[in-house]
Protein chains: 2
Amino acid sequence: MNECSFIFVPGMRIRDTHKETLVRKNAISILLRDGLDGFSMQKLAKACGISVGTLYIYYKNKEDLIVRLGIEEGKRMLQETMKGFSPDMPFAEGLKKQWENRSAYWLKNQEAAKFYEKIKRTHYAGPIQDEITKSFRPVMQAFVKNAIANKQLHFMSFESYWSVAFGPLYTLLEFENKGKSVGNRPYKFSKKTMYETLELVLKALTP
Amino acid sequence: MNECSFIFVPGMRIRDTHKETLVRKNAISILLRDGLDGFSMQKLAKACGISVGTLYIYYKNKEDLIVRLGIEEGKRMLQETMKGFSPDMPFAEGLKKQWENRSAYWLKNQEAAKFYEKIKRTHYAGPIQDEITKSFRPVMQAFVKNAIANKQLHFMSFESYWSVAFGPLYTLLEFENKGKSVGNRPYKFSKKTMYETLELVLKALTP
DNA sequence: CAAATATAAATGAACATTCATTCATTTACA
DNA sequence: TGTAAATGAATGAATGTTCATTTATATTTG
């Protein structure tokens with residue numbers, strides 16, 4: 001059942017891999033500019049300067065295209081979030097690492113991050129989350145388990161923990177995303193606000 | 001410039017106000033079922049059992065329809081969130097009230113709440129947020145100001161405060177929304193988790 | 001009271017676009 | 001030269017919106 005296997009055949013024309021990046025970048029920027037209901041295959045093909053038919057060589061259909069881009073970007077983001085992180089780390093240190101990684105990625109890859117956050121709230125989210133989850137759930141669970149065992153984290157329900165540990169960060173990054181916070185206050189994400197907030201979160205979670 | 005003013009004219013046929021509810025309910029359920037890109041005016045008209053043309057009597061166009069429904073639901077939700085709340089309340093009490101109101105509304109009006117959360121993340125969000133903001137910004141600002149003045153809340157940036165005060169609640173409600181939390185863990189919102197989380201938040205924010 | 005009237009509500013067929021998707025054909029390369 | 005990549009015109013369904021027409025009703029008139 002390996003979709004990637006292939007039989008070598010002489011004379012096979014090589015697929016233009018540069019084109020995959022082209023499609024991804026244009027798809028993301030159209031989706032952000034025009035929204036999900038302003039996105040179409042013909043618009044995408046035109047933006048890429050390729051034929052509509054070509055899109056159907058790379059992707060089974062529109063849904064497949066959106067879902068696969070979502071999975072790709074989600075994995076990329078989580079990969080970056082986990083850089084230099086290990087579930088054996090002391091709790092405060094590990095959480096800090098994740099906050100730093102996540103926000104650094106967000107600021108460096110604004111389009112990709114906005115795209116992922118947007119697509120997560122559509123009806124395409126299901127298969128995307130399923131795929132992402134598979135890869136990262138074990139690491140995150142181990143981290144919490146260790147922290148509680150080592151008395152670096154209060155005993156509490158997993159959802160309570162997660163919502164306090166990451167809810168505030170996501171809220172700040174959403175503000176950054178819009179450029180505005182609550183009440184349309186102009187907002188620019190800064191390390192200062194981030195560390196200020198992280199400190200509060202650690203105060204809440206740690207003994 | 002009052003759009004609502006009208007000149008009384010004999011023989012005016014009365015608009016069927018029941019129909020406005022019909023349109024709103026169907027629009028919301030189509031949007032939740034089929035997503036923004038699965039929503040269309042003809043589909044909506046058919047679901048309501050009325051003519052497409054009628055929709056264009058009530059709403060200028062599709063965007064106007066979505067935006068106005070968003071504003072309506074957003075205002076309704078915030079109205080409920082503020083029930084029995086006053087910016088003069090002691091901080092912990094006021095925050096608790098808002099958490100309770102918001103979650104109660106969410107559980108009682110699941111469709112409306114899901115709709116609002118979804119539409120907030122689309123390109124229709126701008127004008128919706130602008131309108132909502134106007135009504136509730138002053139109250140929320142006064143609450144924080146009072147709390148800091150009375151030393152019931154640490155001095156901190158507004159964004160830091162907001163993200164910690166409400167980020168975790170929104171995260172829990174999103175879990176409830178999906179029926180799953182992180183890593184596809186099945187999740188059902190309960191007052192127990194809510195109060196457990198609120199306690200952590202208060203620990204973070206109050207001296 | 002009942003018929004006529006005036007008005008806006010409501011209709012739905014019709015419009016030009018745009019949509020997702022297909023496929024016979026052409027192109028480029030190992 | 002054989003192969004898969006790439007094309008793009010074509011398809012039929014669906015899109016947002018319009019508008020000439022019909023319907024319902026509050027008021028006026030007889």
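Here is the naming used below: chain letters follow the sequence lines, and residue numbers restart at 1 for every chain. Since we're looking at a predicted model, the values are computed, not measured.
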The correct set of residues in residues 50-59 of chain B placing a heavy atom under 4.0 Å from DNA chain D is B/V52, B/Y56
B/L22 atom CG is separated from C/dA10 atom P, nearest whole Å, by 11 Å
Contacts under 3.5 angstrom, residues 109-117 of chain A side chains, donor-acceptor by atom type, not counting sequence neighbours:
none

The complete set of side chain to side chain donor-acceptor pair (under 3.5 Å) pairs with one or both residues in residues 155-166 of chain A, sequence neighbours excluded, reads A/S157-B/E196, A/E159-B/S181, A/E159-B/R185, A/S160-B/T197
Across all chains, not counting sequence neighbours, the salt bridge (Lys or Arg N to Asp or Glu O under 4.0 Å) partners of A/R24 are A/E72, A/E73
Salt bridge (Lys or Arg N to Asp or Glu O under 4.0 Å) pairs touching residues 41-54 of chain A, sequence neighbours excluded, are A/D34-A/K43
Residue set satisfying ring pair (Phe, Tyr, Trp, His ring centres under 6.0 Å) with A/F85, at least two apart, ordered chain then number -> A/F143
Got a list of side-chain donor-acceptor pairs under 3.5 Å for residues 126-136 of chain B, not counting sequence neighbours?
unit_1, atom_1, unit_2, atom_2, d
B/D130, OD1, A/N184, ND2, 2.9
B/E131, OE1, B/K134, NZ, 3.3
B/T133, OG1, B/Q129, O, 2.8

Residues passing the side-chain contact (heavy atoms from CB on, under 4.5 Å) test with A/A47, sequence neighbours excluded, are A/N26, A/I30
Worksheet item: Under 4.0 angstrom, heavy atoms only, what part of the nucleic acid is A/K46 near: base, sugar-phosphate, or nothing?
Response: nothing
Side chain to side chain donor-acceptor pair (under 3.5 Å) pairs touching residues 49-59 of chain B, sequence neighbours excluded, are none
- Query: So, the side chain of B/W99 versus the backbone of B/A165: is there a donor-acceptor pair under 3.5 Å, distance only?
  - Reply: yes
Residues pairing under ring-ring contact (aromatic ring centres under 6.0 Å, His included) where one sits in residues 177-198 of chain B, two or more places apart or in two chains, turn out to be B/F175-B/Y187
When rounded to whole Å, the NZ to C1' distance for the pair B/K19 and C/dA8 reads 13 Å
Between A/K62 and B/G49, whichever has its closest DNA chain C nucleotide further toward 5' is B/G49
Sorted by number, residues from residues 29-43 of chain A placing a heavy atom under 4.0 Å from DNA chain C are A/F39, A/S40, A/M41, A/Q42
Per the under-4.0 Å heavy-atom filter, residues of residues 64-73 of chain B near DNA chain C come out as none
